[in-house]
Visitor: 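Below is the structure I would like to discuss, written out as structure tokens.
Bear in mind that the values here come from a model prediction, so they are computed numbers and not experimental data. Index from 1, following the sequence. Every number for a ligand or one of its atoms is a count from 1 in the order of the listing.
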Amino acid sequence: MKIINTPKELSAYAKAQKDAGKSIGLVPTMGYLHDGHASLIKKSASENDVTIVSVFVNPTQFGAGEDLDSYPRDIEHDCTAAEAAGANVVFHPEPGDMYPAGYGTYVSVDSDMTKVLCGRSRPTHFRGVTTVVAKLFNISAADRAYFGQKDAQQLAVIMRMVSDLNMGIEIIPCPIVREPDGLAMSSRNTYLSPGERTQAPVLSRSLSAAKKLIDAGERDVKTLRDEISRIISCAPDADAEYIEFRSFPSLDECGGRISGKVLIALAVRFGKTRLIDNIIVNI
Ligand code: AMP
């Protein structure tokens, strides 16, 4: 497996692959890889001749006072994990190579979908995400890019960008990988204290309970939200930031009753750690 550190070198590598008729899959990550990331890399490796995994803690998607400096990093582990999952390249650029002096271009999905859910507490986040992802698409010349449903709003926003800007890349959504107790895998889970970690499965537990009610015929948003809220409040340190019901991928708010493809999305704080989780149901 190759490790490439500059956009210029990755562009040259990608061009050589394309010239040789190879298909390219891209898995954008911020590193500290876990089995959720590995599932994306494995899927890409099974569907493309070449898989590029980017490992880049992207400064433009962090707001002031967020965890840019403390975000966990371990590039040696990431290279081992990426290679084991089938990656051909790890792309690990410096911030100064992605955003050199004079940098001034941003890609921004200018619609409510970036202002709701996580966009409410992170107003500049999605602009940073779409900017870096657009850059990675250009640098890697990928045919397909793999994103986890774990970040369902991010997935919806990227699908919007790709459609709006006629980017010739296929977006492949991938299911959420969970710990044995249901907690969605996340690099940020390492922030949880042991006590918070034992409480954190309330997110997935509350979503499973909502799914059970829906399977039994419940459609009322208030009833479903109350049940989710009740289960989350069983965890003494949990502070729910939002519990929302939105159509997927448009992210329009559901009225009183759910129908069609519905995203049930949560953000819950445990002390300084903010966890997100979701399910998508089809009614
Ligand atoms: P991150 O490194 O957190 O920016 O995530 C990189 C990619 O991995 C994104 O597309 C995420 O949605 C995806 N991802 C993160 N956690 C999981 C998980 N538990 N299951 C599936 N995909 C995930």
Visitor: Considering the heavy atoms of P175, write down every atom of ligand 1 situated less than 4.0 Å from one of them.
Guide: 20 (N), 21 (C)
Visitor: Identify the residue among V90, I3, V27, D74 that makes a side-chain contact (heavy atoms from CB on, under 4.5 Å) with V55.
Guide: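 That would be V90; it is the only one of V90, I3, V27, D74 passing the side-chain contact (heavy atoms from CB on, under 4.5 Å) with V55.
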Visitor: Test your reading of the model: is there a side-chain donor-acceptor pair from N278 to the backbone of K150, 3.5 Å cut-off?
Guide: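 The answer is yes, because a donor-acceptor pair under 3.5 Å joins these two groups.
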Visitor: Out of E179, K150, H37, whose heavy atom sits nearest atom 3 (O) of ligand 1?
Guide: H37
Visitor: Would you say the rings of Y103 and Y106 are close, in the sense that their centroids are separated by under 6.0 Å?
Guide: yes
Visitor: Closer than 4.0 angstrom, basic N to acidic O: yes or no for K222 and D226?
Guide: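 Between D226 and K222 there is a salt bridge, with a charged N closer than 4.0 Å to a carboxylate O.
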Visitor: What do we get for R178 next to ligand 1 when only non-hydrogen atoms under 4.0 Å count, side chain, backbone, both or neither?
Guide: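 R178 to ligand 1: no contact under 4.0 Å from either part.
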Visitor: Which ligand 1 atoms are under 4.0 Å away from a heavy-atom of M30?
Guide: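 So the atoms of ligand 1 that pass are 1 (P), 2 (O), 4 (O).
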Visitor: In chain order, what residues pass the side chain to side chain contact (heavy atoms under 4.5 Å, CB included) check against T198, with sequence neighbours excluded?
Guide: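 Side chain to side chain contact (heavy atoms under 4.5 Å, CB included) check on T198 returns nothing, list empty.
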Visitor: Who are the side chain to side chain donor-acceptor pair (under 3.5 Å) partners of D110, not counting sequence neighbours?
Guide: none
Visitor: Of all the atoms in ligand 1, which lie at a distance below 4.0 Å from a heavy atom belonging to F147?
Guide: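 Checking each atom against F147, I get 10 (O).
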Visitor: Ion pair present between D67 and R274, side-chain N to carboxylate O less than 4.0 angstrom?
Guide: no
Visitor: Give the atoms of ligand 1, by number and element, whose distance to some non-hydrogen atom of L40 is under 4.0 Å.
Guide: 7 (C), 8 (O), 10 (O), 13 (C), 22 (N)
Visitor: Got an N/O contact under 3.5 Å between Q149 and ligand 1?
Guide: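 Such a contact does not occur with ligand 1.
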Visitor: Short list, please: which atoms of ligand 1 are under 4.0 Å from a heavy atom of H34?
Guide: 15 (C), 16 (N), 17 (C)
Visitor: If you measure from each non-hydrogen atom of L155 to ligand 1, which part falls under 4.0 Å: side chain, backbone, both or neither?
Guide: neither
Visitor: Using a strict 4.0 Å threshold on nitrogen-to-oxygen distance, state whether E241 and R122 make a salt bridge.
Guide: no
Visitor: Number the atoms of ligand 1 from 1 as they appear, then name those within less than 4.0 Å of a heavy atom of P28, with their elements.
Guide: 6 (C), 7 (C)
Visitor: For atom 20 (N) of ligand 1, which protein heavy atom lies nearest, and how many Å away is it?
Guide: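 Going by distance alone, atom 20 (N) of ligand 1 is nearest to V177 N, 2.8 Å.
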Visitor: Among protein heavy atoms, which lies nearest atom 12 (O) of ligand 1, and at what distance?
Guide: D151 OD2, 2.6 Å
Visitor: Heavy atoms only, cut-off 4.0 Å: how does S186 contact ligand 1, side chain, backbone, both, or neither?
Guide: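 Contact part for S186 vs ligand 1: neither.
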Visitor: Only heavy atoms of M185, strictly under 4.0 Å: list the atoms of ligand 1 that pass.
Guide: 16 (N), 17 (C), 18 (C), 19 (N)
Visitor: Is D97 salt-bridged to K8, cutoff N-O under 4.0 Å?
Guide: no
Visitor: Give the contacting part of C174 toward ligand 1: side chain, backbone, both or neither, where contact means a heavy-atom distance below 4.0 Å.
Guide: neither
Visitor: Would you say the side chains of Y146 and N48 form a donor-acceptor pair under 3.5 Å?
Guide: yes
Visitor: Quick check: G148 and ligand 1, any N/O pair under 3.5 Å apart?
Guide: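 It does: an N or O of G148 is found under 3.5 Å from an N or O of ligand 1.
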Visitor: Is the backbone N or O of D252 less than 3.5 Å from a side-chain atom of S247, with the two atoms forming a donor-acceptor pair by type?
Guide: yes
Visitor: Below the 3.5 angstrom mark, is there an N/O of I176, backbone or side chain, next to an N/O of ligand 1?
Guide: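 Between I176 and ligand 1 (N or O atoms, distance only) the closest approach is not under 3.5 Å.
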